[in-house]
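Small disclaimer: the values here were computed from a predicted structure and weren't measured. All residue numbers refer to positions in the sequence shown, counting from 1.
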Amino acid sequence: MREAEKKMSDILSQDVQVPDVVNKRLQDTYEIIKRRQEVTGRKHSYKKNLRVAAAAALIVCCAVPSAVYASVKSGFFEGMFGNTTKKSTGVIHREIDDGKGGKVAVDIPSKEYVAVDEAKAEELIGQWVMDEPVVKKIGEHTLTIESFAYDKNGALLYFTLEREGGVKALAGDADTNLTKGAVFTDDADFYFYVNCGEDIVASENIYIDMEKSTEDMLYCSEYIVWPERLGEGDVPQISVEEYPCTRGELYAMSEEEYQENSAKIKTETLTLTDKGQIPVMNIDMGEDGYLEYSPVSVSVDMSKGMGLSEEEAQDPYYLERLEIKYKDGSSYIIFDKEQNIANSGYVLGADVWYKTVFNRLVDTDEISEIIVNDVSFPIG
């Protein structure tokens, strides 16, 4: 943040005339950057709870000039695709409770994170990255949507959640980063999620940066997959639902009490970005195979060319291998069941589609072919 702070200081020191409201937002932004400079590396722990899906939302946008937030893209690129704070892991062997008084052995797949070339990232997707943050005070918490970008199959959201005295609404740790991601707690009195209207509600995995985060401030990378492909008119929005009590209290109520209190929930929505969709390309081999890909995601129609029945095509279990091969001979193994490799941000099976949001940025101009199971999708 040192370079970003210097740029901000230079901007604020210039002898220029700006409207009072813009000047106030600049000063507020500068104070945010200064506070984040002071964040320490204190360790923290969070209570584990199951997430309960919620509905719509209330949010307020506090926008600042785009030039001020140009450097925020750097945090987005590193947070979503980099490896300075995300550590690669080998296969992890564990025993877990089987719910019947015994133990069952499980293997958590290996995951690799790689360095991100920020100049290349800017070239590939920079123009589609949101550059004016959304800030919302929700009770004692402050949610800041730092950056967001999306294509028709998936999305990437970088946000912070802050509360003096400790964040209590979201629970996550090193274990949830390896498995199904952070969850909202029973102590939370709000919930937020990404959607495109009422019909398309995102599925996601929230990764908490354990090195940057403290008890009072969480830095989060959210990998999102749309259950249905977006159309040109589908615009993502963030939805926040504020409760009159905690989530735990709300869902422990009787049906009558729940109906009475649910009427007190504040709801509204706000569009996240006007940047538009990252372009998606496709490889159409007719009945021999079809997939769509972009620098941030790939979606495969498993009903074509895989030798699967209609029922099998709808089950992600039948994906054996997913690999991107580059022109220089290198490759990005996204998934390999036999070798127990899973290098993705999030995976979703939606009807016959196997959808993956990447954990690294893909230069689509350098792809030579994409391998799905035993099927080759050549490019060019």
Side-chain angles (χ1 to χ4, degrees), residues 51-57 59 80 125 128-130 145 148-157 159 180-181 184 191-206 221-241 267-287 289-306 308-319 322 334-335 344-359 362 364 370 372 377:
R51 177 173 56 187
V52 182
I59 198 160
M80 303 305 306
I125 66 169
W128 293 286
V129 177
M130 181 183 98
I145 305 300
F148 176 81
Y150 73 107
D151 67 19
K152 67 189 296 184
N153 292 307
L156 303 158
L157 175 67
F159 71 90
K180 57 186 176 182
F184 281 83
Y191 178 78
F192 63 84
Y193 63 98
V194 178
N195 61 298
C196 288
E198 296 181 359
D199 297 330
I200 304 177
V201 178
S203 296
E204 84 292 324
N205 180 292
I206 299 175
S221 302
E222 183 169 339
Y223 300 89
I224 296 167
V225 175
W226 307 115
E228 299 178 29
R229 290 180 291 172
L230 302 190
E232 290 186 8
D234 291 323
V235 181
Q237 56 195 18
I238 184 92
S239 293
V240 176
E241 186 174 52
T267 60
E268 197 176 326
T269 57
L270 182 75
T271 299
L272 271 172
T273 180
D274 61 358
K275 292 291 188 177
Q277 299 180 17
I278 298 170
V280 168
M281 294 150 279
N282 69 73
I283 304 176
D284 188 349
M285 303 190 303
E287 290 305 311
Y290 180 86
L291 62 74
E292 298 175 341
Y293 67 98
S294 79
V296 301
S297 75
V298 62
S299 295
V300 184
D301 184 342
M302 298 296 290
S303 69
K304 296 181 178 180
M306 302 295 154
L308 302 176
S309 67
E310 183 176 343
E311 182 178 353
E312 291 170 338
Q314 299 181 49
D315 189 343
Y317 173 82
Y318 289 95
L319 183 88
L322 180 57
I334 303 165
F335 179 78
S344 61
Y346 188 59
V347 171
L348 179 69
D351 193 24
V352 297
W353 292 92
Y354 184 97
K355 300 185 174 188
T356 297
V357 176
F358 304 141
N359 72 347
V362 169
T364 52
I370 299 175
V372 184
F377 292 81

Indicate yes or no: at least one non-hydrogen side-chain atom of [X] is less than 4.5 angstrom from one of [Y].
| X | Y | answer |
| --- | --- | --- |
| Phe192 | Phe184 | yes |
| Ile370 | Leu322 | yes |
| Lys304 | Val352 | no |
| Pro227 | Ile200 | yes |
| Tyr354 | Phe335 | yes |
| Tyr150 | Leu230 | yes |
| Tyr223 | Ser344 | no |
| Trp353 | Leu348 | no |

Minimum heavy-atom distance [X]-[Y], with the two atoms named:
| X | Y | answer |
| --- | --- | --- |
| Met306 | Val372 | CE-CG1, 3.6 Å |
| Gly289 | Phe377 | C-CE2, 3.5 Å |
| Lys355 | Glu228 | NZ-C, 3.8 Å |
| Thr364 | Pro295 | CG2-N, 3.7 Å |
| Ala155 | Val357 | O-CG1, 4.1 Å |
| Gln277 | Asp234 | NE2-O, 4.1 Å |

Out of curiosity, [X] [atom1] to [Y] [atom2], how far, rounded to the nearest 0.5 Å?
| X | Y | atom1 | atom2 | value |
| --- | --- | --- | --- | --- |
| Ile334 | Phe358 | CD1 | CZ | 4.5 Å |
| Met130 | Leu156 | CE | CG | 12.5 Å |
| Glu292 | Ser299 | CD | OG | 6.5 Å |
| Asp151 | Ile125 | CG | CD1 | 10.0 Å |
| Gln314 | Met302 | CD | CE | 12.0 Å |
| Ile283 | Leu291 | CD1 | CG | 4.5 Å |

Within the 3.5 Å criterion, strictly below it, is a donor on Ser239 or Asn195 matched to an acceptor on the partner's side chain?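 Note: Ser239 and Asn195 side chains meet the donor-acceptor criterion.
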Qualifying residue, where the test is side chain to side chain contact (heavy atoms under 4.5 Å, CB included) with Val280 and the options are Val296, Val298, Asn153 =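 Exactly one pass, corresponding to Asn153.
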